[in-house]
Amino acid sequence: MEFNTTYKLFTWKCQPGIKCIALTLLLTVVLGSCNKMVQIPQPINTITLAKTFANDANATSAITAIYSDMSFGGNAASIRFSNGLTSLCAGLYADELIDYTYAYPQFQSSVILPDDVNVSGAFWNAAYYDIYMANAVIENLQASTKVSAATKKQLTGEAKFLRAFCYFYLVNLFGDVPLVTITDWNKIKLMSRSPATDIYKQMVEDLQDAQNLLPGDYAITNGEKIRANSWAATALLARVYLFQKNWSGAEDQASAVINSGKFNLLTDLAGVFQMNSDETILQLQTIDAGYYATEEGNNFIPDDPNSSPRFSLTDQLLADFEPGDQRRLTWVDSTNFDGTYYYYPGKYKVKIGTPGSISEYYTLLRYSEQFLIRAEARAQLNKLDQALLDVDTIRSRALLPVLPASLNQSDILTAIAKERRIEFFAEWGHRWFDLKRTGQAGNVLTPLKSGWTSNAELWPIPVSERVRDPNLTQNNGYF
Amino acid sequence: MLFFTICRRPGTKNSIKASPQLLRTMKLTTLFLIAVYMNAWATGFGQKVTISGKDLPLEKVFTIIKKQTGYVFFYDYSIFQGTKNVTVNFRNLEIEEAMIVCLQGQNLDFSITNKTISVVRKNEILQDPGPTIEIKGVILNEGGQPLEGASVTIKQSNRSTLTNAKGEFTLNHVPVGGMLVISYVGYVNKFLVAKDNGPVSIHLTPAVNQLDQAVVQAYGTTSQRLTTGNIVKVTSEEIQRQPVMNPLLALQGKVTGLDVTMTNGYASAPVKVELRGRSSINQFFHSDPLYIIDGVPLTFVGLNDGSYVGGSPGYIQNGLSGPAGGQSPLFNINPSDIESIEVLKDADATAIYGSRGANGVILITTKKGKPGKSQFSLRALEGVTHVTRYFSMLNTPQYLAMRKQAVLNDVKNIDPVADYDINETWDTTRYTNWEKALFGGTGRTTNVEAGLSGGNAQTTFRLSAGYNRTTNIMTTNGADQRSSASLSLTHKSADQRFSATLSTGYTITKSDLAELPGTVTLAPNAPAIYDSAGNLNFAGWGGSKNNSNARGAFPFGVLKQQYVAKTNFINSNLLLSYQIFKGLVVSSTFGYNNALLSQSRLTPISSKDPASSPTGSADWGNNTNANWIIEPQLNYNTVLSKGKLSVLLGSSIQRTQTDALRINGSGYGSDDLLGTLSAAPTLTTYQYSGQYRYAAVFGRITYNWENKYLVNLNARRDGSSRFGEGKQYGSFGSVGAAWIFTEENWFKRFAHILSFGKLRASYGTTGSDAIGDYQYFTQYSSVGTYPYGGDQSLIPTVQGNPNFQWQVNKKLEAALNLGFLGDRINIQIAYYRDRCGNQLIDYPLPLFSGFPTVAANSSALVENTGMEYTASFKIMQLKKFSWSVDFNMAVNRNKLVSYPDFNLSPYAGTLVIGKPLNIQRLLHYTGVDPLTGAYTFYDKDHNGQITYDYTGLTPDDTYSVDLSPKFFGGVGFNFNYQSLHLSLFFNYKKQTGLNAMKSLRYPGTINANQPVDVLDHWRTPGDVARFSAFTTKRFVQNNNYFSSQSDGVYTDASFIRLSNVSLSYNFPSSLLGKAKIQSCSVFLNANNLLLITNYKGIDPETQNFSGLPPTRTIVGGLSFNF
């Protein structure tokens, strides 16, 4: 029996002091305030909202982030409404393009299911995320006391411009949409759709504010046309008025741009979509990564002149080019696959660029549009001579003959529509929006698409959104 | 030895009862006997008796006992007056136990002195206690280490005491000849007759009876007999039988109510673990319980943290989760190092973990050294692994016919570009079985382990090391490997009051994997993967026309994009404890774990189509997760009245820091530079970081009244950094109680049938703070953005909400435990009801608000109710042969009980109040219309059209299919024949799941092979067929699209799997003695040997076509102990 034998290797002298320390330690922990223990330092990879709007540099970053997101897709680098997908999908949806990648059959056939991931992700979500960022800038700059007045003015103006830009595409693709101008999720989450007219009112208001807030030059970007200035706001406002059928408004705004003396129509069509070209009013910078080219250029151009096509122009569109049109020669390219020529949009020439020597930026607003806006507005106002002059400006640049002076109002409007079709083919869905706003969509598309219905003029509100907000109604014809 | 019996025949005139003198003589005799045999008394126990019979006179039973044991009885015949006959069924029962059972309710008492059993009337002792003595002693375990807190009870008076740190006890006023019962959780009770011969030393032996074996509980140990909560133990033997690298997979089917699902076939892949049903309405939350390894929780801050279906990606928090979808954190634990895994289920068992126990708690305890001769063990195994089932797909002629028919049906011509599979771009005479071509390989599994353990009463140690490797079944190479080392060290001071235990495990793993191209559905005539030179066959896919569509469909680039993940994982815990005075122990654990994980995935130029002038890219990922925890505790054990009282008071401070970094380098012009970060023309970085702090105080009071009535109270107050100002604290608590009714005296007469019976119940709250960090304020970040115009970009990344607070789960449980025939049959039936309200979720927001989710409390109330049945049967227990069966089954019913303003919630279109969360709201499929060949659906609202309304407003889509298992469990058979051991384990699940048609829903579309089932398709009006006419169109409303939204794509996915077979043979020691080998065994283990299912598809468990399916593994090995 060895229970009382002690090995002397280790003996714990049980001093009263140690007991006390142990007990006190425990009690301190048990009874002491835990508040300190569950406080964590600020995150290291993110900054708080307050810090974001605490100085000019950070606040500017909150605006440049919107352009960056539009141009490259930020975290989810991808093609989206703002960097090429509107040109592509609206082109397929209308009568401009044929999809040989077979990746977009829903747009080609104009039958979109409400759970389409392109519609929800690349159009709806992408645009609203940009709108959120713009709203956050507007709201937080208003509240901020630390950002300088000049910067506040500049950034608020840009945010309003960008918000209007995004809403323009949302309202034209989806019709009525929720008009979100704040960031408080609790107030937004059950919003209903606002009438399109309200969205247009907001766009006008935002663009007028932007005109007042923004400078008339490109000084903040050292001459690069990659952030909105007052001319961008004016140019977009001209378009918005046109879509609202506010003809005199459209005429005034377009005139302002045309008379500004800041822009020129290039005689060399190949240079139009080059970075900071004279003809562009606003472009998105191409980021020196990935393809080193615009997403649109990368997407439209096939691998090589003999590979199978990716997207080709429709026969109807090709037939609409008049002989000798320089745009047909310069802005349309082809690939010869298996003995057949396929023609594709060649406005952007670079599929994969060279790191460090980017040559093309993605063009959002173009000077030539202003002439055609003014032409249409003037034609509607029955200023037919002036309207003809504006159309002819664009035709002449393409080395086409001027239109006969004998044309009546309706002929001139038809000629303008055709000119718009050619000038803006495969560019930002102009064709699709024009067909809709002039009431021609059904006439033109019914023979081309089996099962075309007028319901197809609007895309479906994404299912995922309707699930999350049961107050959202669906467009007619979709479930 | 001196044998004698003093017997007085009844009817003789001197009755012992009548004569105090005689009584005194008897007592003197007793004393005399004690004096004679005093030295041997502690060793004479352990005699077993086997008696069975009905209505046996007590005297006869005594005779049998005497015959079987050689023990001598000492009694007066008069004691039999008024005694009842007994019905007994003892098998190998300790003699003391047998006596206790026989004398239950007989008003008799007994004492055993050496080999003499004295039987007297109870009141005689009580009336005249006679001389009393002070008994001192020490209680030791089998290894000679003192047991602290063992209780020593005087049987006659139920007075008891507890041993101190040295295992010592002192009891005063013990009647001479009185019986002492010594008990300690996890050990067999010992009986001892009080004698005045100085201090005694008692060695307890570990319990063999399952009910009494030690079970690890929160901050302590208990046994199935004494626990008031629901704890399931899985032993190391059960774990080691399974040839799996991840110990979680060894739990499949073993733990009633724990649903363990493989997410894919990679050995390191995440495992979905769900206890007692889904409680969160949120699909972004995984259901993993809290894992605690040797006292240290596996906490990682959820930065890119998995989903309900996919489980947790573990430490991989940078979004680069690799082909396996992450890495199960338990992959870092070598199953052979585990002593036991305990799963804590109800509020009573988990409430002390407070906020983190909402999904249950899994305690993993590693092996520790035992005192005694040093042991060296060696175990090695080697085996093969392969896929067991293939799905029958169309062959080339069938496929081509389907495609051509589809083109014809659509009134189109074969497109020279698009239809490359049938337009002669591809050779239409080729045939490849892509299933076999992709994962038809044979993997190898290797496992080598060695361990050394030993020590003495003061210091014990265990050292072990192991290496495991499992190669992939894919046709490209790749393997999951793990090297592990562990050390445990325990030291106690000479006076036993101070002890220190260190447990450390260190693991290095390497997973070298390639993505499985999701191409079981590739056209069977698709060209080969590699060209004749062994390069990827892009050109071959483009065919003579160099069709870029066909080239673009080439999916095998990923085979050359190897993903490598390396983990270094250390888990260490130091426990210091000191006994301040008898009964009061202050202790603290200091735990630390750290996981360093680095990944790389290279996308070389050679893996891309050369025609697209590709550049190379590479991703690197780094994850560090450091976690420390300090838990000081005060533990007080005492005897209060007739019960044992334990009080635990403690606190917990924890800090976790998770940092994750992913860097993408792109634009590489040469594959040679691919591994070099600095050579990347463009770098994009993604940085994630989370910090978590947690502090709590907790207390537990346990009171055990004569092992008959047990009460357990838990309380905890938690603070967590995951909540905003003023919301950081929450209180949780539970109450549990148990009544062991078989301990009641009035019950003892049934003891021969019902040897153990316990009713227990518990109620309590647990919580959850699993919402991620810093969710309470809005944040901006430049992570993953590109600068614009020379300015940095700052994008909003988190939508803040300062108002969310603790989630509270309310858990109720009631259970009945029964043991029959000396506990040869054990049954537990448990009922539970868990209610989860105030749910902390990522509340889905419409995207037009800017963000998909915001952290918030949902007002949904979700209930899980269920029954759990567990039973074990020792069917045969012969000397040479034994056979036992274990069975368990869990039935859970999940229900969304209520949701205020449900119709305006984001769940209105997906859930239904009163139905389970795992339902799919669907159209009801009514077959193929024989006239048109279109799929038809039931028009529930009779409005003439089928509407699938996502907002839940119109009702055609209200048919619900519940994807939760209806019931599941396991059945195990164990056979022992001498040294041969065979065990079979089946797990089973009754469930509904997706059939193959969901993912293969467009028969006729390009480059998409189909199962042979589609041959039963509609052709002409009048055909009754299972499938619609073939079409190349995916986007056909009311037909293909709706069919995937109908109950027609769901099927019975129930299965019974022979998940484990283990055969082992222990060489007899006579053979081994000469070789100085203590034991040696040879074994053969296999899993997934047999699958019984009606499921159409590769596997009813993983239910997918794109992932690696579960495999069968068969290994053989040897194990030695020196």
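Chain A is the first sequence line, chain B the second, and so forth, proteins listed ahead of strands; every chain is numbered from 1.
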Against chain A, label Ser905(B) side chain, backbone, both or neither, depending on which of its atoms sit under 4.5 Å from a heavy atom there.
-> backbone

Is any side-chain heavy atom of Phe498(B) less than 4.5 Å from a side-chain heavy atom of His491(B)?
-> no

Residue, of Ala418(B), Pro681(B), Ser666(B), that accumulates the most heavy atom pairs under 4.5 Å with chain A = Ala418(B)

With a 4.5 Å cut-off on heavy-atom pairs, point out which of Pro852(B), Pro796(B), Gly542(B), Pro787(B) contacts chain A the most.
-> Pro796(B)

Which bit of Asp130(A) comes within less than 4.5 Å of chain B, counting heavy atoms only: side chain, backbone, both or neither?
-> neither

Note: vs chain B, highest number of non-hydrogen pairs under 4.5 angstrom among Ala50(A), Pro41(A), Ala136(A), Pro355(A) is Pro41(A)

What one should report as the nearest heavy-atom pair of Tyr129(A) and Gly850(B) is CD1-O, 3.3 Å

So, for Pro146(B) and Lys492(B), which heavy atoms are closest and what is the spacing to 0.1 Å?
-> O-NZ, 4.2 Å

Any idea which heavy atoms bring Asn423(B) and Thr425(B) closest together, and the distance?
-> OD1-OG1, 2.5 Å

Chain A contact via Gln691(B) - side chain, backbone, both or neither, heavy atoms under 4.5 Å = both

Looking only at heavy atoms, which two atoms of Pro43(A) and Phe777(B) are closest? And how far apart?
-> CD-CZ, 3.8 Å

Proximity breakdown for Thr778(B) and chain A, heavy-atom pairs closer than 4.5 Å | both

Output yes when Glu158(A) and Arg227(A) qualify as a salt bridge under the 4.0 Å nitrogen-oxygen rule, no when they do not.
-> yes

In terms of heavy-atom proximity below 4.5 Å to chain B, should Phe53(A) be classed as side chain, backbone, both, or neither?
-> side chain

If one checks every heavy atom of Trp124(A) against chain B at 4.5 Å, the contacting part turns out to be side chain

Structural part of Pro178(A) lying under 4.5 Å from a heavy atom of chain B | side chain

Check the pair Ser499(B) / Tyr578(B) against side-chain hydrogen bond (donor to acceptor under 3.5 Å, both in side chains), numbers first and verdict last.
-> CA-CA 6 Å; Ser499(B) 82; Tyr578(B) 178 68; over 6 Å; no

What part of Ile226(A) gets closer than 4.5 Å to chain B, counting heavy atoms only: side chain, backbone, both or neither?
-> both

Pick one of side chain, backbone, both or neither for Gln285(A), based on which atoms fall under 4.5 Å of a heavy atom in chain B.
-> both

Options Ser782(B), Ser781(B), Ala856(B), ranked by heavy-atom pairs under 4.5 Å with chain A, top entry = Ser781(B)

Pick one of side chain, backbone, both or neither for Thr48(A), based on which atoms fall under 4.5 Å of a heavy atom in chain B.
-> both

Contacting region of Asp609(B) [heavy-atom separation from chain A under 4.5 Å] = neither

Specify the closest pair of heavy atoms between Met191(A) and Leu179(A), including all atoms of both residues, with the distance to one decimal.
-> CE-O, 3.0 Å

Checking heavy atoms, do the side chain of Phe851(B), its backbone, both or neither come under 4.5 Å from chain A?
-> side chain

Bottom line for Ile47(A): the part with an atom under 4.5 Å from chain B's heavy atoms is both

Are the side chain of Asn125(A) and the backbone N or O of Ser120(A) linked by a donor-acceptor pair below 3.5 Å?
-> yes

Answer yes or no for Lys189(A) and Tyr843(B): cation-pi contact, defined as NZ/CZ to six-membered ring centre under 6.0 Å and angle to ring axis within 45°.
-> yes

Below 4.5 Å from any heavy atom of chain B, which atoms of Thr183(A) appear? Answer side chain, backbone, both or neither.
-> backbone

Proximity breakdown for Phe337(A) and chain B, heavy-atom pairs closer than 4.5 Å | side chain

Side chain from CB out, backbone as N, CA, C, O: work out which of these in Val467(A) comes under 4.5 Å of a heavy atom of chain B, or both, or neither.
-> both

Of all the heavy-atom pairs spanning Tyr786(B) and Thr684(B), show the shortest one and how long it is.
-> OH-OG1, 3.1 Å

Are Arg722(B) and Tyr692(B) in a cation-pi contact, defined as NZ or CZ under 6.0 Å from the six-membered ring centre and within 45° of the axis?
-> yes

Please state whether the side chain, the backbone, both or neither of Leu284(A) comes within less than 4.5 Å of a heavy atom of chain B.
-> both

Most chain A-contacting option - heavy-atom pairs closer than 4.5 Å, from Ser617(B), Ser721(B), Gly144(B) | Ser721(B)

Largest heavy-atom contact set with chain B, pairs under 4.5 Å, which of Ser464(A), Ser61(A), Ala65(A) | Ser61(A)

Heavy-atom side-chain contact between Gln108(A) and Ile98(A) under 4.5 Å = yes

Bottom line for Pro302(A): the part with an atom under 4.5 Å from chain B's heavy atoms is neither

What residue, out of Leu49(A), Ile40(A), Asp303(A), has the most heavy-atom pairs lying under 4.5 Å from chain B?
-> Ile40(A)

Can the ring centres of Phe902(B) and Tyr907(B) be said to be less than 6.0 Å apart?
-> no

Test side-chain hydrogen bond (donor to acceptor under 3.5 Å, both in side chains) on Gln799(B) and Asn801(B) and set out the steps.
-> CA-CA 7 Å; Gln799(B) 170 87 287; Asn801(B) 174 14; over 6 Å; no

